[in-house]
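Following: one structure in structure tokens, then a few remarks.
Note on naming: letters A, B, ... go to the chains in the order of the sequence lines (proteins, then strands), and numbering restarts at 1 for each one. Because the structure is a prediction, the values reported are computed rather than measured.
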Amino acid sequence: MMEQAFFLILATLAVGAALSVIIQRSPLYSAFSLIGVFACLAGTYIMLKAQFLGAIQMIVYAGAIMVLFVFVIMLLNIRKEETALDKYRYLWLLSIPFAATLIVEVLYTILKVTSDFTSLPEMAKRPEVGDSQSIGYGLYTGYLMPFELTSILILLAIVGSVILARREKD
Amino acid sequence: MDIYKLIEWVVKIGIVFLIFMHALAYIVLLERRLLGFIQMRLGPNRVGPFGLLQPLADGIKFFFKEEIIPRDADRTLYIIAPVVALVPALTTIAVIPFGDTVNLFGRQIELSITRVDISMLVILALTSMGVYGIVLAGWSSNNKYSLMGGLRSSAQMISYELSLSLAIVGVVIFSGSLDLVQIAKEQMGTWGGIIPKWNIFTQPIGFTLFLISVIAETNRVPFDLPEAETELVAGFHTEYSSMKFAIFFIAEYANMVTASAMATLLFLGGWHGPYVEKFPLLGPVYFTMKILFFLVLYIWLRGTLPRFRYDQLMKFGWKFMIPVALANVVLVAALALFLY
Amino acid sequence: MVPLSWYLALSAVLFTIGAVGVFVKRNVISIFMCIELMLNAVNLTLIAFSSFYREVSGQLFVFIVMTVAAAEAGVGLALVIAVFRNRESLNTDDINLLKL
């Protein structure tokens, strides 16, 4: 009961912050709302016993990726509010029914399919996953190949971003 | 959940909070006195014996200063910014252990507010939140110097966080745990009764890297570019006055204490010292002494070193610290494979 | 105990909000942030299933998604800076040529 109340609080905060991301006109306010969403999601991860990913969520998403976003917003000094062009005004009106349809559709499916989900007895017997040990074991055994590939990806991303953002010498 | 557990928590939080806040006030005094000593002058010595009441006087002064909010500032963010800086700085103390389990009043009491098995990651996550306070302050003041300070701070934080984490990885490989209590316990005992089994002796490179990165993370000399007073007129807190300024001040010193505590736990054996197995209550005493050592080092550096230039800072971070840190991780991993 | 469907519902709502944001936002950086939001919604689904089935692979996917998101943010923001330098604007309506 306590857990459900806690989840509802987190979910409300997350949805509110997510709405704020798209409603705010200044990118910096959007960025800080997004950090709020990430923090709430880290909370839900911890509720799901995935403590390691909860911490990593805060370190990587909120602590590194969003700092990068905020850095770029500050570097380009984007203070003016974005203005929508008039010819696209109708898109705003269209988006609301489409979003509503999508949400209703997905929610219907989810509730229909998983409302009778109960954890099977043999699943409950398995050890809980989500501590650093189980993640580390998984990464270095069954998922070694993708793990090593991500390091190459990161290297490529570093080189790529340096080349892209470098000012060309005249 | 019994009522005694609850009382224990409340008492622990109260004691730690009181000691921590008072310690912060006196670290400021210590810094001013020591700097005075280094610069051949007296420092504040008028209020009370040896100036011991100076923090109180400063506090009263801060309370009664006029509060100024610039007209074109972004009011909401301007007011939130100091809070964003302070909260993560104070929260980290909750997972720092300052002693082993002790037997008090017939109860086993852990000498930390709470124990998390990934406390290392929790501290990293919280300290990485601290930068937003500075960034928000720089942005919302609507002042060019402040904006520069915020920009520098975010770039510096991202750059030095990498080498900081990589330096910690070495320790984590050796102790096989992300729990600070466990990491400290691995450093118990001595080699041959003389040299304590501290990580600083097994990983001197990691320690040096950690120390340099942590000084950069806390924005202290020689890495205090976000608040460089000679070029940026105090940077991100130029426009702040009164208690809001004091809050930034407290947050900076709280970060220094957390950083020192982390250095102590990771490399200097935490609360371990002579006779600590027999009298567990000696633990916090040793712990405080080691933290004090790092704090004095911070102040000493401030009295000695000049400031980096911005391009030097970035070059040093990306072209020296990170490669060395990566090499250190490889070295430590190879050693660990060889030794265990 | 929170049922699985609640987590999935939260994830669906967040995903939809992110998708709407991608369509209605005109600023490149804001669009980028909405994409991050969508990625996070998917992460929540993966972790929820992983935790309910007691199977670690879902969480490993999330780990890899996070690294990919970091790489994407790095390259994407470098692109944003390059575009801004040449066009002095981040409005997607102004960025309509196949060159910088």
Under a 4.5 Å heavy-atom cut-off, does chain A meet the side chain of Leu44(C), its backbone, both or neither? both

Distance col, row Gln24(A):CD vs Lys25(C):NZ, nearest 0.5 angstrom, shows 8.0 Å

Rounded to the nearest 0.5 Å, what's the gap from CD1 on Ile73(A) to OG on Ser30(C)? Could you check? 7.0 Å

Relative to chain C, which of Val21(A), Leu41(A), Val37(A) shows the most heavy atom pairs under 4.5 Å? Leu41(A)

Answer with side chain, backbone, both or neither: which region of Ala11(A) has an atom nearer than 4.5 Å to a non-hydrogen atom of chain C? both

Please assess Leu53(A) against Asn43(C) for the test side-chain contact (heavy atoms from CB on, under 4.5 Å), listing each intermediate value before the final yes or no. CA-CA 10 Å; Leu53(A) 281 174; Asn43(C) 283 354; over 6 Å; no

List the steps and the verdict of side-chain contact (heavy atoms from CB on, under 4.5 Å) for Ile65(A) and Glu72(C). CA-CA 10 Å; Ile65(A) 296 182; Glu72(C) 173 218 329; over 6 Å; no

Heavy-atom distance under 4.5 Å to chain C: side chain of Met2(A), backbone, both or neither? neither

If I take atom CG from residue Leu37(C) and atom OG from residue Ser30(A), how far apart are they, to the nearest 0.5 angstrom? 10.5 Å

Specify which of Val20(C), Ile64(C), Leu77(C), Val13(C) makes the most heavy-atom pairs with chain A at under 4.5 Å. Leu77(C)

Heavy-atom proximity to chain A below 4.5 Å, by part of Val68(C): both

Whatever's closer than 4.5 Å to a heavy atom in chain A on Tyr7(C) counts as both

Given 3.5 Å as the limit, does a donor-acceptor pair link the side chain of Ser51(C) with the main chain of Leu48(A), or not? yes

Interface moiety of Phe7(A) toward chain C, non-hydrogen atoms closer than 4.5 Å: side chain

Over all atoms of both residues, closest heavy-atom pair of Ile22(A) and Cys34(C): CG2-SG, 3.8 Å

When the 4.5 angstrom heavy-atom criterion is applied to Thr150(A) and chain C, the contacting part is side chain

Ile17(C) portion near chain A, given a 4.5 angstrom heavy-atom threshold: both

How many angstroms lie between OH in Tyr61(A) and CG in Leu39(C), if you round to the nearest 0.5 Å? 5.0 Å

Those residues at least two apart in sequence (or on a different chain) that pass side-chain contact (heavy atoms from CB on, under 4.5 Å) with Phe71(A) are Leu75(A), Leu151(B), Ser154(B), Ala155(B)

Name the region of Phe38(A), side chain, backbone, both or neither, that has any atom closer than 4.5 Å to a heavy atom of chain C. side chain

Among Leu149(A), Val60(A), Ile135(A), the residue with the most heavy-atom pairs under 4.5 Å to chain C is Ile135(A)

Can you say whether Ser50(C) sits under 4.5 Å from chain A via the side chain, the backbone, both, or neither, judging by heavy atoms? both

Contact check, side chains of Leu76(A) and Val80(C), non-hydrogen atoms, under 4.5 Å: yes

For Phe6(A), is it the side chain, the backbone, both or neither that has a heavy atom under 4.5 Å from a heavy atom of chain C? neither

Looking only at Leu8(A), Leu34(A), Leu10(A), the option with the highest number of non-hydrogen pairs under 4.5 Å against chain C is Leu34(A)

CD/Gln133(A): more than 12 non-hydrogen atoms of other groups inside 6.0 Å: no

Can you tell me which portion of Ile29(C) sits under 4.5 Å from chain A's heavy atoms? Options are side chain, backbone, both or neither. both

When Val56(C), Thr67(C), Val22(C) are compared by non-hydrogen pairs under 4.5 Å with chain A, the top option: Val56(C)

Interatomic distance, Leu102(A) atom CG to Thr16(C) atom OG1 [nearest 0.5 angstrom]: 4.5 Å

Please verify the inter-ring angle class for Phe147(A) with Phe63(C); under 30° counts as parallel, over 60° as perpendicular, anything in between as tilted. tilted

Nearest 0.5 Å, please: how far is CD in Gln59(C) from CD1 in Ile56(A)? 11.5 Å

